[in-house]
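Throughout, protein chains are lettered first and strands after them, A, B, ... in sequence-line order, and every chain is numbered starting at 1.
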Number of protein chains: 2
Amino acid sequence: MSRAEPVRPTSPPLIALVHRANKALQANMVAQAHRQGHPEIKQSHNAVFGTLHGEGQRAVDMAASMGITRQSMGEIVREMVQLDILEMVPDPADRRAKLVTFSAHGLEVAAAGFRHIGALERRFAEEFGAADYETARRVLVRVAEMLEADDAEPHDQAVTPGQTESRRSSPG
Amino acid sequence: MSRAEPVRPTSPPLIALVHRANKALQANMVAQAHRQGHPEIKQSHNAVFGTLHGEGQRAVDMAASMGITRQSMGEIVREMVQLDILEMVPDPADRRAKLVTFSAHGLEVAAAGFRHIGALERRFAEEFGAADYETARRVLVRVAEMLEADDAEPHDQAVTPGQTESRRSSPG
DNA sequence: ATATATTGAAAGGTACCCTTACGAATGTCA
DNA sequence: TGACATTCGTAAGGGTACCTTTCAATATAT
């Protein structure tokens, strides 16, 4: 009876589903950009497309909004400047800072990307029904929020009463 | 009218939600293993925990089932053998192959991980209701399937009629 | 004025996964 | 039975997407 199989969940765990969907979505976005005549687009560029808008932002703010370091965002931005997707101009209000904006070409790339995203979202809403699709979106957001909160204060989360999973915080 | 802002989706695109949830889930799994006394566990080990079961499997099959190359899976397996989580024995039926199994210690690590996953899944089902949680899971699976199919035959997917997104396949 | 904080940038490291290549064992078919 | 291609694990090297550490320039607080 030693060497018994660990209790494996019967259905694939959420992490597997999310991981696979994430991989597929990332690959799809990059592939679409390539097909539309922008073969220089990489996955990391999504960190910019996902946050840049309006009259120009500083790399440090873009980084914060995407949850990566400002150094990483800075590197991505510099690469995209080389590719004529972004432009950087000195911030008149702060001579340390530079404002990042789309170039004319970058605007086209972004517009194509957003059009693709819009089409995808419509396809999904059609496939699942608007209500179910919205439910899935809500679950994803909430799951991330819950786990990020766990991370911030790592007590004994994910434990329902009666289920023993590493009792640590009993007697203080 | 040039330099107009590209049409940005009003709500965060699905890819952003999935990406964030994936990041949070991966981090949570690794952090939990560390908290439970297994600080050697890395994110990449999930590729093994996600597929290994029963009397032993070959690395090539594990790789296929997780969607990575056999070389990558082989490297992960070898590392986990060093860590006394896995064992490799020659396959009696095929002398090229080796069968991967959990070691005694690895069984404990896996069991703890599965317990954590079980607790997580229960927590989610409770938070969202079983029906909504199941809906979300179904959407994730189907999204991955749809996009993987697109990838396999990259015509003009994700385009609803009337929406222009790179017409390519009109008149041959 | 001077200490401290913030910005972009440079340099180097790490994690994860890939491609290419190869030897050993196997299947296949003339 | 003997070529031949295929499949197994493995080795070696590369690429991508981040990270940490550090720095100079600039800004802000005291």
Side-chain angles (χ1 to χ4, degrees), chain A residues 15 19-20 22-27 29-31 33-34 39-51 56-64 66-83 86-101, chain B residues 15 19-20 22-24 26-27 29-31 33-34 39-51 56-83 86-101:
Chain A
I15 187 173
H19 182 262
R20 187 175 161 204
N22 183 56
K23 202 171 161 183
L25 280 162
Q26 297 283 349
M29 285 301 298
V30 174
H34 291 187
E40 74 279 17
I41 296 298
K42 299 198 305 182
Q43 180 180 329
S44 59
H45 298 170
N46 283 329
V48 166
F49 292 123
T51 188
Q57 287 155 268
R58 290 177 305 175
V60 66
D61 297 326
M62 297 165 64
M66 295 304 284
I68 65 176
T69 62
R70 71 180 193 286
Q71 292 89 334
S72 294
M73 182 60 82
E75 190 174 342
I76 297 169
V77 166
R78 264 173 272 132
E79 180 183 347
M80 293 173 79
V81 168
Q82 291 294 317
L83 295 172
L86 300 180
E87 288 169 359
M88 293 175 75
V89 300
D91 185 344
D94 185 338
R95 279 191 300 178
R96 293 171 302 182
K98 299 179 183 176
L99 293 178
V100 179
T101 58
Chain B
I15 188 173
H19 182 261
R20 186 175 162 205
N22 182 57
K23 203 171 160 183
Q26 298 283 349
M29 285 302 297
V30 175
H34 291 188
E40 74 278 17
I41 297 298
K42 300 197 306 181
Q43 181 180 327
S44 59
H45 298 171
N46 283 329
V48 166
F49 292 122
T51 189
Q57 289 156 267
R58 292 177 303 177
V60 65
D61 296 328
M62 297 166 63
S65 102
M66 296 304 285
I68 64 177
T69 62
R70 74 180 188 285
Q71 291 89 336
S72 294
M73 181 61 82
E75 191 175 339
I76 296 169
V77 166
R78 262 173 274 133
E79 179 183 348
M80 293 174 79
V81 168
Q82 290 295 318
L83 294 172
L86 300 180
E87 288 169 359
M88 291 176 75
V89 300
D91 184 344
D94 185 338
R95 280 191 298 178
R96 293 169 301 182
K98 300 178 182 177
L99 293 179
V100 179
T101 57

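For B/N46 and C/dA15, the CG to C1' distance is 13 Å, given to the nearest whole Å. A straight line from CD of A/Q26 to C1' of C/dC16 spans 15 Å, rounded to a whole angstrom. For the pair A/R20 CZ and C/dC17 P, the interatomic distance rounds to 16 Å; values are reported in whole Å. When rounded to the nearest whole Å, the span between CE of B/M80 and C1' of D/dT10 equals 18 Å. Put simply, CD1 on B/I68 is 12 Å from P on C/dT19, counting in whole angstrom units. Whole-Å rounding puts the A/I76 CD1 to D/dA17 P distance at 8 Å. Rounding to whole angstrom units, CG of residue B/N22 and P of C/dA15 are separated by 18 Å. For the pair B/M73 CE and D/dT10 P, the computed distance is 13 Å after rounding to whole Å.
If you find the closest nucleotide of DNA chain C to A/K23 and to A/A59, the one lying nearer the 5' end belongs to A/A59. Of the two residues contacting DNA chain D, namely B/H19 and B/L99, the nearest-nucleotide position lying further toward the 5' end is that of B/L99. Ranked by how close their nearest DNA chain C nucleotide is to the 5' end, A/Q57 and B/E79 are led by A/Q57. Comparing A/K42 and A/D94 by the nucleotide of DNA chain D whose heavy atom lies nearest to each, the residue mapping closer to the 5' end is A/K42.
Residue A/T69 places at least one side-chain N or O under 4.0 Å from the OP1 or OP2 atom of D/dC19. For the OP1/OP2 pair of C/dC18 and a distance below 4.0 Å, the side-chain nitrogens and oxygens of B/S72 include at least one atom meeting the criterion.
In terms of heavy atoms, A/A63 sits closest to A/R70 at CB-CA, 3.6 Å.
Side-chain contact between B/H19 and A/N46 is absent, with no heavy atoms from C-beta onward closer than 4.5 Å.
Closest to the side chain of A/R78, from the set C/dA9, C/dC17, C/dT7, is C/dA9. When distances run from any side-chain atom of A/S44 to the nucleotides D/dG9, D/dC18, C/dT19, the shortest one goes to D/dC18. Among C/dA10, C/dC18, C/dT26, the nucleotide with an atom closest to any side-chain atom of B/R95 is C/dT26. Picking from D/dG9, C/dT26, D/dT20 the nucleotide with the shortest atom distance to the side chain of B/K98 gives D/dG9. Among the nucleotides D/dC18, C/dG8, C/dC16, the one closest to any side-chain atom of A/E75 is D/dC18.
Nucleic acid contact class of B/Q43 (heavy atoms, under 4.0 Å, all strands): sugar-phosphate only. Contact annotation for B/M88: backbone-only contact, meaning every heavy-atom pair under 4.0 Å involves sugar-phosphate atoms and none involves a base. A/D91 comes within contact range of no nucleotide atom at all, as no heavy-atom separation falls under 4.0 Å.
The structure places OG of B/S72 at 12.5 Å from CE of B/M62, a figure rounded to the nearest 0.5 Å. Expressed to the nearest 0.5 Å, how far CD of B/E75 lies from CZ of B/R78 amounts to 6.5 Å. The distance from atom CE of A/M80 to atom CE of A/M88, rounded to the nearest 0.5 Å, is 12.0 Å.
Counting distance only, with no hydrogens placed and no angle test, the side-chain atoms of B/R96 and the base atoms of C/dT26 include no donor-acceptor pair under 3.5 Å. Side-chain atoms of A/R70 come within donor-acceptor range of the base of C/dG8, with a qualifying N/O pair under 3.5 Å. At a cut-off of 3.5 angstrom, the base of C/dT20 holds at least one donor-acceptor pair with the side chain of B/Q71.
In this structure a side-chain-to-backbone donor-acceptor pair under 3.5 Å is missing from B/H45 to B/I76.
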